[in-house]
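Here the structure is laid out as structure tokens; the discussion comes afterwards.
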Number of protein chains: 2
Amino acid sequence: MSASSPSGEVPARGKRADAVRNQQALLSAAAAVFVTSGVDAPIREIAATAGVGMGTIYRHFPTRADLVVAVYRHQVDACAEAGPTLLTSAESPFAALRQWIDLFVDFLVTKHGLATAMQSDSSGFDALHAYFLDRLVPVCAQLLDAAVTAGDIRPGTHAYELMRGIGNLCIGRDNDPRYDPRRLVELLLQGLQRPQSP
Amino acid sequence: MSASSPSGEVPARGKRADAVRNQQALLSAAAAVFVTSGVDAPIREIAATAGVGMGTIYRHFPTRADLVVAVYRHQVDACAEAGPTLLTSAESPFAALRQWIDLFVDFLVTKHGLATAMQSDSSGFDALHAYFLDRLVPVCAQLLDAAVTAGDIRPGTHAYELMRGIGNLCIGRDNDPRYDPRRLVELLLQGLQRPQSP
DNA sequence: GACAAAGCGGAACAGCGCTCCGTATCGTAA
DNA sequence: TTACGATACGGAGCGCTGTTCCGCTTTGTC
């Protein structure tokens, strides 16, 4: 577990350029497909989305768990890096927070899928979860602080608490049309936005 | 949920005799296959074990959840009826208890499979769980009492507690050779058997 | 430019869930 | 007892899946 490169995946030095390209494409494609079709999405669909053959997937990620874990780390890194970027690009700190949470919700699909994909290896899962907290809680806190400072939201909410709340809202969303976590998350956000005093 | 017939499944009056026969065969076969291959066992395997065609399975149980639920109820009833029977047939109340628990452990595979097979319909699951408790706790208590009265085991153990303990021991036994719940259950039983005083 | 080596794609195979319909069996009324 | 609908049965067949394997392409190097 040598968390070396700050920009996410280790570039696998010595690898050919096309191999590195494909690996990145695969990670992005898999992340997107997981959101729309769940972590059990057909391999073919992921390959097609990435524009590669199936053999390429199996070469890079021999088992489904390998792929899910890789996507997970990739997403954690992407989410962590998106925080500061959004803060400068979005029209307000609150907008940045909302967009970041949107990314975060997408990511939770992978995170929850990870739990089932790794039911045997709980120690490995714990390590990944620690990595998740280490990288994302500070980013969320930064976004929260900025929004508070700008007067967009009320103070007093902790990053860990918010992330955990959102995470819990997103449990059990197996394409049940009666339960849309995003609606509830949006509610949470609006509650954050409006100060309680008249 | 009209729990009418004390002997388990409602005989489905008006149905043809062979249909009733096949339904029973299917329930027994599925229960057996679940134990050896899990609740995700191929439909073909269940059909073959029951000696029927696949069409027959789908006619009786349109979805996998239907089959699992039916097996579940069938098993609860079988387990409940086995208690008194074992008490008269086994060589001692303790032997009866042990044999009954063996049945119970088999049954737990179905019960745990049920949870995943019904992840959407939690209210239906609760009803089934209540049925499970209503029928089996008294039977277990009866076996326990008999063994205590006979001096086979120490007193003071409650049926619900024992059943729940065994249930928990049987969590996560997905063909992992390093974890055999039956060994631990046997240990529990031996602990029950031997009074602590010298 | 030439040439290994590394990597790629997708045809091919095996196994699965599920459907459909010709056939066999059952219950019943004559 | 026989005859005849109604009911239920079986399994071939279809479409989808994971996984492997190998001929072909791309890459980096000299």
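A note on names: the letters A, B, ... follow the listed sequences, proteins ahead of strands, and every chain is numbered from 1.
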Closest to the 5' end of DNA chain D, once B:G51 and A:A41 are matched to their nearest nucleotides, is B:G51

Taking the nucleotide of DNA chain D with the nearest heavy atom to each, does A:G55 or A:A17 sit closer to the 5' end? A:G55

Checking contacts here: which listed nucleotide (D:dC9, C:dG9, D:dG13) is nearest the side-chain heavy atoms of A:T56? C:dG9

Cation-pi, A:F132 ring and A:K111 (6.0 angstrom, 45 degrees): yes

Please evaluate the base of C:dG15 for a donor-acceptor partner in the side chain of B:R44 within a cut-off of under 3.5 Å? no

Does A:H60 or A:M54 map to a spot on DNA chain C nearer the 5' end, using the closest nucleotide for each? A:H60

Do A:Y72 and A:F107 make the cut of ring centroids closer than 6.0 angstrom? yes

When you check the side-chain N and O atoms of B:Y58 and B:D66, is any donor under 3.5 Å from an acceptor? no

Between D:dA8 and B:N22, is there an OP1 or OP2 to side-chain N/O distance shorter than 4.0 Å? no

Considering only heavy side-chain atoms of A:R16, the closest of C:dA5, C:dC16, D:dG18 is C:dA5

Which one, C:dG9, C:dG17, D:dC9, comes nearest to the side chain of A:R59? C:dG9

So, is B:R21 close to the D:dC9 phosphate, meaning a side-chain N or O under 4.0 Å from OP1 or OP2? no

First of A:A19 and B:R64 reached from the 5' end of DNA chain C, by closest nucleotide: A:A19

Closest nucleotide among C:dG7, D:dC9, D:dG18 to the A:D18 side chain: C:dG7

